[in-house]
Amino acid sequence: MGTAVDTGEVIVILSDDEDAEENISFSDQSVVIVEAEDVKKSDSAVAPVALDEDLVITFSRRAEVLPHARYDCPIHVFTATDEIGAPAAGNQLMCDQCFCYICDKLASLCQMWCCSGLCHCNSHKRSDFWNNLRNSLLLGGLQRFNLTLSELDSHLRHAETMLQSFKLRLSAKFECFLRGESLEGYGPSDSNPKGVVFNYTPVYEFVSSFLNEADQQEGRAAAVLRLGAAEVFIRHFQVSGSYISHSPTANAVEARLVLLQRVIASVQRQMVMSSLTPDFIHKLQEFYQKLFFPPELKNMKSSLCVRPWDDVLLVSVLKGQNVSGVRKDKGKKDLLIEQIAVVLLRTEVLQQQHRYRELCRYLRVVESDDSKLLQQVRDLIPFFFCMDGSLPGGLHSLFPTVNAPAARLTPDLFLFYLRLFTTATAPPTATARVSGSVQVCISDAAWQPMKDAVPLPDVVVVRFALRVQRCCPAVFADSRCWISLLQIVNPPAAVPEPTSKFLHEAKDVVSTILHGANVQIPRVFQEGYPDQALLLLVTGALGQRVLSGALSPALPVLNTFKGNLWALGWLWDSLSSSPERLRSFSQELSREAGATADGDNILRFLHSLVPAPSSSTEYRHQQSSGS
Ligand SMILES: [Zn+2]
Ligand SMILES: [Zn+2]
């Protein structure tokens with residue numbers, strides 16, 4: 001095999017001593033050729049030199065020297081020293097692959113190689129002095145983030161350059177702001193004798209556009225740019241004197257707050273949503289903590305104290321091992337309290353990852369600074385149960401004994417649950433978001449069957465709906481919610497009319513159910529006519545709704561009875577106990593029919609089955625003669 005020797009040549013050794021121990025690996029060869037892709041100039045046939053009787057050198061090649069730091073040079077001896085005044089014994093010598101350890105470029109390109117007072121040729125890695133110099137030169141502003149060279153990549157290098165140039169330009173902008181501007185229309189006055197105004201807006205806009213640029217960068221670089229910018233603008237202050245007050249950004253103190261909020265929101269999002277390593281996050285947090293916070297911003301000093309996903313307490317809560325959110329560690333109490341922004345971000349991530357169970361556990365336990373928003377997110381626990389495929393679990397969690405989320409459902413969310421429960425299908429992607437109010441974003445794609453889920457029985461769904469209507473005014477008032485519920489009990493195939501005895505007795509039973517606790521539906525009520533019983537139960541609830549006040553629109557609600565006119569007759573009959581309301585309801589219906597484009601059709605339909613109050617006896621007569 002080839003062996004490097006002092007002259008820097010590769011030699012091919014020929015041996016005919018097949019039995020020699022050192023040649024065991026190629027005992028069946030007597031010639032070993034070093035593979036080469038190209039023939040180098042330094043290759044040369046050499047005159048056979050006999051090393052001993054058995055070895056003859058016939059070919060040699062200069063060893064390839066890879067780029068190396070000067071102190072590792074295989075050609076020129078290096079003398080380690082902290083000396084900076086002048087090159088130590090021959091350290092100034094270099095081969096064409098020698099690199100400057102400090103500048104990280106070819107030694108021949110280093111301008112400080114032999115520079116008296118700081119000559120780089122003496123630099124080496126076993127010296128704190130040289131290492132620090134190297135770090136501060138290569139890391140530049142990134143050293144403030146406590147980053148190491150091994151963490152550095154092209155994105156971070158680029159960020160460092162961006163940050164440096166940003167800081168220079170920003171300080172020019174800020175100086176300009178401090179000088180003030182004399183603007184027309186802001187001439188000298190009693191309150192402003194010099195006629196100068198201080199308008200921070202240009203500085204604000206400059207920082208904003210830099211933050212926009214930061215948004216476009218790779219994750220770690222973006223974080224460094226955001227916090228690096230904050231480090232500077234957080235120190236800006238308002239000059240006492242006049243400023244253009246019509247814009248909040250004209251005042252440095254107000255604008256600074258807006259900018260810092262933006263930075264915090266972006267970095268918090270990165271900490272929770274992105275793949276930043278815990279170590280890097282920790283460095284960002286330390287950097288932020290060390291910033292100078294003026295008194296107005298002191299309360300934001302802990303804004304980046306975000307638990308990493310591998311935090312012990314957080315993990316134990318997510319896994320269900322801790323249901324209290326409290327952890328005692330060496331006598332210290334650790335409480336799972338997070339900023340509401342962080343709670344919302346975790347909710348977003350866990351939904352994206354379909355980790356609904358963990359999300360429910362987390363929301364039940366976590367405490368936050370904004371109890372109102374936290375309540376809104378907690379109200380989504382039933383939704384997350386359902387998205388996890390557990391319809392009974394979702395249903396159950398809508399009605400805990402205290403503070404039931406059902407009471408705060410929006411009509412849209414109610415309709416969502418209703419469809420989910422009756423079909424056991426779900427939209428392929430549905431994410432719930434809370435920003436002031438609860439929003440469920442559903443894709444337009446067709447709903448798909450949920451894994452391992454079966455539709456809930458009609459009686460369960462009806463009971464769910466009636467319980468919600470009882471405690472949730474928004475759902476109780478909404479026509480769409482009534483239509484969807486009535487469509488469940490008024491199927492396209494007509495429900496046969498039960499006996500008049502059943503219809504009569506149903507009035508009391510329905511009334512009892514609707515006034516009783518928790519809308520308990522006795523089994524006996526469903527024995528003879530299960531479908532009819534449910535239809536009458538919902539119809540009775542609709543009667544209560546009509547009696548409680550105007551229902552608009554009402555015609556589409558009544559339209560759902562198209563196939564079961566007998567039930568509509570039963571409704572009318574039960575309303576007749578409040579003749580005044582029945583009259584006003586009929587008037588509402590007529591007005592609505594008049595205002596509807598296709599009112600004629602609906603009105604004709606209604607006239608055919610619903611008598612005007614004056615003709616209600618006639619209707620009853622028809623009804624009794626028909627049965
Ligand atoms: Zn070298
Ligand atoms: Zn150098």
Side-chain angles (χ1 to χ4, degrees), residues 1-13 34-44 46 57 59-168 220-221 224 228:
M1 290 289 270
T3 310
V5 292
D6 283 347
T7 55
E9 292 177 333
V10 171
I11 54 173
V12 175
I13 301 168
V34 179
E35 278 185 39
E37 284 166 9
D38 57 339
V39 178
K40 300 271 168 67
K41 279 180 185 170
S42 57
D43 292 353
S44 57
V46 294
I57 295 172
F59 177 85
S60 82
R61 170 184 293 180
R62 186 165 288 276
E64 262 191 73
V65 182
L66 297 171
H68 52 261
R70 168 65 184 90
Y71 59 78
D72 270 343
C73 185
I75 295 166
H76 301 293
V77 180
F78 180 78
T79 309
T81 172
D82 276 1
E83 171 68 45
I84 53 170
N91 282 0
Q92 77 280 8
L93 300 175
M94 61 178 95
C95 74
D96 56 3
Q97 293 289 16
C98 267
F99 267 64
C100 173
Y101 178 57
I102 304 299
C103 307
D104 218 16
K105 56 189 178 191
L106 275 174
S108 53
L109 299 175
C110 169
Q111 305 198 327
M112 313 287 280
W113 194 244
C114 299
C115 178
S116 169
L118 194 64
C119 56
H120 286 186
C121 68
N122 288 343
S123 60
H124 61 102
K125 68 175 175 185
R126 293 195 204 291
S127 151
D128 287 343
F129 168 76
W130 288 116
N131 282 336
N132 285 339
L133 187 64
R134 171 179 158 90
N135 284 348
S136 63
L137 212 77
L138 295 179
L139 286 166
L142 299 181
Q143 215 178 9
R144 307 254 305 109
F145 287 86
N146 209 9
L147 295 175
T148 60
L149 284 173
S150 60
E151 287 173 288
L152 218 54
D153 62 7
S154 60
H155 300 293
L156 281 174
R157 278 181 205 274
H158 180 56
E160 207 275 332
T161 316
M162 284 175 73
L163 206 49
Q164 292 308 330
S165 113
F166 165 76
K167 283 179 179 174
L168 286 176
R220 294 191 310 160
V224 160

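We count ligands from 1, going down the list as the structure has it; atoms in each ligand are counted the same way.
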#### Entry: A86: side-chain contact (heavy atoms from CB on, under 4.5 Å) partners, not counting sequence neighbours
none
Minimum heavy-atom separation for [X] and [Y], please, with both atom names.
X    : Y    : answer
T81  : W130 : O-NE1, 3.1 Å
H76  : R70  : O-NH1, 3.1 Å
F145 : V224 : CZ-O, 3.5 Å

### Task
Kindly report the SG-the Zn ion (ligand 2)-SG angle for C103 and C110 respectively, rounded to 10°.
120°
### Task
Could you list all the side chain to side chain donor-acceptor pair (under 3.5 Å) pairs where at least one residue sits in residues 142-154, not counting sequence neighbours?
R144-E231, T148-S150, T148-E151, E151-K283, D153-R220
### Message
Closer than 3.5 angstrom, by distance alone: can the side chain of S127 be matched with the main-chain N or O of H124 as a donor-acceptor pair?
### Response
no
Residues 90-102 side chain polar contacts: donor-acceptor under 3.5 Å, at least two apart:
{"from": "N91", "atom 1": "OD1", "to": "T79", "atom 2": "N", "distance (Å)": "2.9"}
{"from": "N91", "atom 1": "ND2", "to": "T79", "atom 2": "O", "distance (Å)": "2.7"}
{"from": "N91", "atom 1": "ND2", "to": "N122", "atom 2": "OD1", "distance (Å)": "2.9"}
{"from": "Y101", "atom 1": "OH", "to": "N131", "atom 2": "OD1", "distance (Å)": "2.4"}

### Task
Examine all N, O or S atoms of H120, backbone included, and report whether one is under 2.8 Å from the Zn ion (ligand 2).
yes
### Summary
Checked the Zn ion (ligand 1): protein N, O or S atoms closer than 2.8 Å come out as H68 NE2, C73 SG, C95 SG, C98 SG
